[in-house]
There are 2 protein chains.
Amino acid sequence: MATIRPITTRRSQALHRIRPGGGPDDRTRWQQRKSSMTREAILEAAVDSLVDTGYAGLSTNDVARRAGVSRGAMHHHFASRADLVEGLIEHVFYHRMRQFLDDFLARLKQAPTGEDPYRMAMELHWRSVQSREYGAFLRLAVAARSDEALAAIFTPAARLYDEIWLGEMHHAFPQWREAPELMRIANDVTQAVHAGLQINGATWGDARMAAVLERAAILVEDLAREARG
Amino acid sequence: MATIRPITTRRSQALHRIRPGGGPDDRTRWQQRKSSMTREAILEAAVDSLVDTGYAGLSTNDVARRAGVSRGAMHHHFASRADLVEGLIEHVFYHRMRQFLDDFLARLKQAPTGEDPYRMAMELHWRSVQSREYGAFLRLAVAARSDEALAAIFTPAARLYDEIWLGEMHHAFPQWREAPELMRIANDVTQAVHAGLQINGATWGDARMAAVLERAAILVEDLAREARG
DNA sequence: GAGATAACCGGCAACCCTGCCTGTTTTATT
DNA sequence: AATAAAACAGGCAGGGTTGCCGGTTATCTC
C-alpha cells in the first residue's frame, strides 16, 4: 500500500515512470539527443496529420512532409505505419495528461482559499478537451471502435492512463476518500459530458454548451456533497 | 403558429416533409423504383464503409464493391465522392432519427401508466447511439471538426435535424411547456453523456458506464421536477 | 585516427483511388 | 415498332501510399 504524500512534492511521478526512454532533454549524447528530437518532430507532425486527415488518412508520407523529414528518416524511426501509430498513441496520451496534470497541480498549489477546486478542475479539463491532443484522441477513439488492430493498442493504453489519472485525482482530492466510487462517477460524468460536447458543440452553439457545462458542474458539486455526508 | 396536435396522429410529419424524393416504395415506374433501390443499397454500403474505414478511408470503390454494384453504376448515381458524402449525410441523419422517433412515439402511445417516460426516452436514445447509424454519425462529426468542406454540408444538416428533434420532444412532453429551456438542457445533457460514453465506454467498461447513465437519468428527473415547480 | 554504428536520403515496384469516358442493356415514350 | 433516355458496365490515365532497399553522412567507441 503506497503512502499518500502531499501532491506538491509528487508532480505526477507515475507519469514519469510511464514515459519510455529519455526525452529530448538528454544532454550527454548528441546523436541520441538529435534522434529523439526528430522523433518528437515526427510525432508532433503525426498529431497534426491525424487531426487534419483522420486515422485512415494518416499517411507516413504526409507525416514526413509535415515534419520536414525525409521518407528515409521516417522509415528509420518508424519502420511501418503501425509503428508510427503505436508511438503516436503513446505520445498523445502522455502529452494530454501531462499538460492537464501540470496545470492542475500548479493551480491547486497556489489556489486562493475561496476557489472551488471542482469548478477549477472541470474548467481545466474543459480546456484540455479543446486541445489538439484531444482532437487526436477523439480520432483514435472513434477509429478504434471498428478497427480491431488499432483497438488492441489503443484500449490498453487508454486503460493505463485512465488508471493513472484516477490515482492523481485521488491524491488531489483526499476529501473523497470515504467515497471513491462517487469521485469516479464525478470524473466519468465530466469526461463524458465534455467529450459529448466536443462532438455536438458545433451544432448546438456556445449558449447551449455553456448550459450543459453548468449542469455538469452542479452535478459534480452534488456528488461532492453526497460524499461528505 | 402551428397548432399542437396529439402525437399519435402526427407520426413525425416533419421528417416526411424533409425526406427528398420518393423512397423505394414508388410503385408506378419500375425504372425509378429499381434506381432508387440501388441508390439505397449504395448508401447502406456507404454507411458500412464509413463505419469500418472512417471518413478519410471511405472510397467510392469500396462502397461499390460492398454494394455489389459496378463502378459505372456508382458513378451514375453519385458522380463524385463529394456527392456520395452528401447523400450519405442525409441518409444517416434521416434513418437514425426515424428509427428513434418511430420507436419512441410507438412506446409512448402504448405506455403502461406506471412507466417513467423520461427513463424510457433515455433508454431508447441510449439504444439509438449504439446503432450503426450513430457510428457513422460519430465518424462524420469528428471528421467535420477539421474538414471545412465536410463541415459545410454536415453542420447545416445536423442543425436542421436537431431542430426537428427538439420539436418532436416538445410535442411528446407537453409537461415541459412552461420551461422549454430546461427540456432542451435535459435533451442536450442526455445526448452529450451518451456520446461521451460511446467514446470512452470501451475504456471504462460496463459497470462505470451504467453508473454514469444512472446519474444522467437522475439529472433529467431533477430537471423535470424543476420544470414542474 | 579507424572501424563500427546510428541517422538519414531518395528511388522502385505494387497497389489503390479518383474522375472521366466510351459502350451496352433495359425501360419509357409516341 | 422506333426513337429517346435512363441505368449500368468496365477500361484508362494521373496521382497518392506503402514497404523495402542500396547508398551517404555524421557520430561514437576504442
Side-chain angles (χ1 to χ4, degrees), chain A residues 21-24 26-46 48-50 52-88 139 143 147 149-150, chain B residues 21-24 26-46 48-50 52-88 139 143 147 149-150:
Chain A
D26 189 329
R27 213 141 282 166
T28 55
R29 287 161 241 271
W30 203 25
Q31 192 168 103
Q32 279 186 30
R33 191 184 167 195
K34 192 186 172 198
S35 171
S36 85
M37 275 179 67
T38 68
R39 195 188 140 94
E40 285 298 300
I42 290 174
L43 288 175
E44 279 299 300
D48 289 341
S49 178
L50 177 60
D52 280 3
T53 68
Y55 177 70
L58 178 73
S59 83
T60 59
N61 248 353
D62 182 45
V63 170
R65 211 175 306 135
R66 286 172 191 256
V69 159
S70 74
R71 283 181 21 80
M74 172 92 238
H75 185 263
H76 177 69
H77 287 280
F78 302 97
S80 71
R81 201 190 106 116
D83 281 345
L84 176 62
V85 168
E86 202 171 330
L88 176 57
R139 299 284 193 160
D147 184 326
L150 175 58
Chain B
D26 190 329
R27 212 141 284 166
T28 55
R29 286 158 239 272
W30 203 22
Q31 192 169 99
Q32 280 185 31
R33 191 183 168 194
K34 192 186 172 196
S35 171
S36 86
M37 276 179 68
T38 68
R39 195 189 141 96
E40 284 298 302
I42 290 174
L43 289 175
E44 278 299 301
D48 288 343
S49 178
L50 177 60
D52 281 2
T53 69
Y55 177 69
L58 177 73
S59 81
T60 57
N61 248 352
D62 183 45
V63 171
R65 209 175 307 134
R66 287 172 191 257
V69 159
S70 75
R71 283 180 23 72
M74 172 93 239
H75 185 264
H76 178 70
H77 286 279
F78 303 97
S80 72
R81 200 190 108 117
D83 280 345
L84 176 62
V85 168
E86 204 172 326
L88 177 57
R139 299 287 192 157
D147 184 327
L150 174 58

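Chain naming here is simple, since letters A, B, ... match the order of the sequence lines and numbering starts at 1 in each. Any value given below was found using the heavy atoms of this structure, including those in side chains, with hydrogens, waters and symmetry copies removed. Quick caveat: nothing in here was measured; it's all calculated off a predicted structure.
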Next item on the list: Determine whether any donor atom in the side chain of Arg71(B) lies under 3.5 Å from an acceptor atom in the base of dG11(D), or the reverse, and answer yes or no.
Entry: yes

Next item on the list: Starting from C1' on dC8(C), measure out to CE on Met37(A) and report it in whole angstrom.
Entry: 15 Å

Check: Is the closest side-chain heavy-atom distance between Asp62(B) and Asp52(B) below 4.5 Å?
Finding: no

Checklist line | Length of the NE2-C1' vector between His75(B) and dC21(C), whole Å | finding: 9 Å

Notebook entry, point to check: Only one of Thr38(B), Asn61(B), Leu84(B) clears side-chain contact (heavy atoms from CB on, under 4.5 Å) with Met74(B); which?
Noted result: Leu84(B)

Next item on the list: For the residue pair Phe78(B) and Thr60(B), establish whether any side-chain heavy-atom pair is separated by less than 4.5 Å.
Entry: no

Item checked: Euclidean distance, atom CG of residue Asp62(A) to atom P of dG15(D) [Å, nearest integer] -> 18 Å

Notebook entry, point to check: Is any side-chain nitrogen or oxygen of His77(B) closer than 4.0 Å to OP1 or OP2 of dA6(D)?
Noted result: no

Note to self: Strictly below 4.0 Å: does His76(A) bring a side-chain N or O up to OP1 or OP2 of dC8(C)?
What the structure shows: no

Margin query: Using OP1 and OP2 only, check whether a side-chain N or O of Thr38(B) sits under 4.0 Å from dA7(D).
Written below: no

Margin query: With a 4.0 Å cutoff (strictly under), does any side-chain N or O of Ser70(A) reach OP1 or OP2 of dC8(C)?
Written below: no

Next item on the list: Indicate whether OP1 or OP2 belonging to dT17(D) is found under 4.0 Å from a side-chain N or O atom of Arg65(A).
Entry: yes

Margin query: Heavy atoms only, 4.0 Å cut-off, all strands: where does Leu84(B) land among base, sugar-phosphate and nothing?
Written below: nothing

Item checked: Separation of dT18(C) C1' from Met74(B) CE (nearest whole Å) -> 12 Å

Note to self: Both Gly72(A) and Asn61(A) contact DNA chain D. Taking the nearest nucleotide for each, which residue is further toward the 5' end?
What the structure shows: Asn61(A)

